[in-house]
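All ligand and atom numbering here is 1-based and tracks the order in the structure.
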Amino acid sequence: MAAVIKKVGVIGAGQMGNGIAHVAALAGFDVVLNDISTDRLKSGMATINGNLTRQVSKKAVSEDDKAKAMARIVAGERLDDLADCDLVIETAVEKEEVKRKIFHDLCAVLKPEAIVASDTSSISITRLAAATDRPERFIGIHFMNPVPLMELVELIRGIATDDQTFEASKEFVGKLGKQVAVSEDFPAFIVNRILLPMINEAIYTLYEGVGNVEAIDAAMKLGAHHPMGPLELADFIGLDTCLSIMQVLHEGLADSKYRPCPLLVKYVEAGWLGRKTQRGFYDYRGAKPIPTR
Ligand SMILES: CC(=O)CC(=O)SCCNC(=O)CCNC(=O)[C@H](O)C(C)(C)COP(=O)(O)OP(=O)(O)OC[C@H]1O[C@@H](n2cnc3c(N)ncnc32)[C@H](O)[C@@H]1OP(=O)(O)O
Ligand SMILES: NC(=O)C1=CN([C@@H]2O[C@H](COP(=O)(O)OP(=O)(O)OC[C@H]3O[C@@H](n4cnc5c(N)ncnc54)[C@H](OP(=O)(O)O)[C@@H]3O)[C@@H](O)[C@H]2O)C=CC1
């Protein structure tokens, strides 16, 4: 029988972490949101409040449900605050060494029967599971951005993930009102295996001067009916995350077709990570985004 999940811990209060806390609380789960930074925790809570307020104004959520959801989320600054969670989802930066350290420290305080999951965009679930004391209760639960709006969640089993963990995770995702796509544990899974090479190619198209930022985004929005242009989407995802995913694909599949575009590397080195730092392929500091190339 699948384990019963009532209390969910979320590690990392960035764009994915606050989105996951938002949808879990709205679905009736008790949530503990954790981050190493107190400021990030505060801004994560404020973002959830703002997004719920927007849903109330659109009549997608009632005032009462918003208040109940906010009351279900507790901000916890220490990993100890997650000790009695039934499921903990890690959504810290896309860096394997950071995630491995989190899992090591988390497992020391988390109740043994709890499930541990990662929202990683690309990193091997089997390898991350090996950094825990419970590889059989470890799984990839990969949400899409923006979490409150996107319908899909990928579920990725590591080599040791047991059936109870998979079933409990599937049931949890269903309770959030999302659809599951099951992916094998290959670099970047399904969505990012397809999406990120497209984004990387758009950056090469810019790098080689085939088109400027506006032309490339307009081409894919109007010519292929994508809701966002690939460069706008890269800024939305975060250029650091895009680069990490391309590096995992390049190293994991050892194929030069996944070589990260040098221009993407340059933007990340400049600290121009997209919307989250106010500058990427667009500059977001003014009233309207301005292309940076
Ligand atoms: C990198 C990875 O590992 C995996 C990934 O996630 S890859 C990224 C996947 N995501 C995508 O590809 C997103 C592509 N973009 C889109 O689908 C759309 O642009 C979008 C859904 C994000 C926004 O759509 P839009 O029509 O341009 O925006 P906008 O009009 O501002 O908002 C649409 C609605 O969403 C709501 N909304 C926007 N952001 C929201 C949020 N964070 N929370 C709640 N509601 C939100 C708005 O209130 C609005 O509601 P109504 O339709 O009721 O008016
Ligand atoms: N962006 C996207 O579109 C998607 C991203 N993902 C994945 O989700 C994860 C998070 O991405 P995203 O939310 O965009 O990134 P963000 O940069 O928005 O958020 C990451 C958060 O984790 C915090 N953090 C860093 N180290 C730790 C730690 N040791 N303990 C607790 N918190 C920590 C960061 O704090 P600080 O800034 O202070 O370092 C930050 O608040 C990544 O693995 C990413 O690949 C999955 C799906 C979509």
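Summarising the contacts of atom 22 (C) of ligand 1 with P146, P227, A234, the nearest heavy atom is found in P146. Nearest to atom 1 (C) of ligand 1 by heavy-atom distance, out of V23, I199, I237, is I237.
Heavy atoms of L149 found under 4.0 angstrom from ligand 1 belong exclusively to the side chain. Residue contacts with ligand 1 for L195 involve side-chain atoms from C-beta outward but no N, CA, C or O (heavy atoms, distance under 4.0 Å). Neither the backbone nor the side chain of V191 has a heavy atom within less than 4.0 Å of ligand 1. With a 4.0 Å heavy-atom cut-off, ligand 1 is reached by the backbone of M144 and by its side chain too. Of all the heavy atoms of H142, the ones lying under 4.0 Å from any atom of ligand 1 belong exclusively to the side chain. With a heavy-atom cut-off of 4.0 Å, N192 touches ligand 1 through its side chain alone.
Residue-ligand proximity, T241 to ligand 2, at heavy-atom distances under 4.0 Å covers atoms 44 (C), 45 (O).
The shortest N or O to N or O distance between S121 and ligand 1 is below 3.5 Å.
Of all protein heavy atoms, the one closest to atom 13 (O) of ligand 2 is M16 N, 2.9 Å. From the protein, the heavy atom lying nearest to atom 22 (O) of ligand 2 is A92 CA, 3.5 Å.
Between the side chains of K66 and T53, at least one donor-acceptor pair of N or O atoms lies under 3.5 Å.
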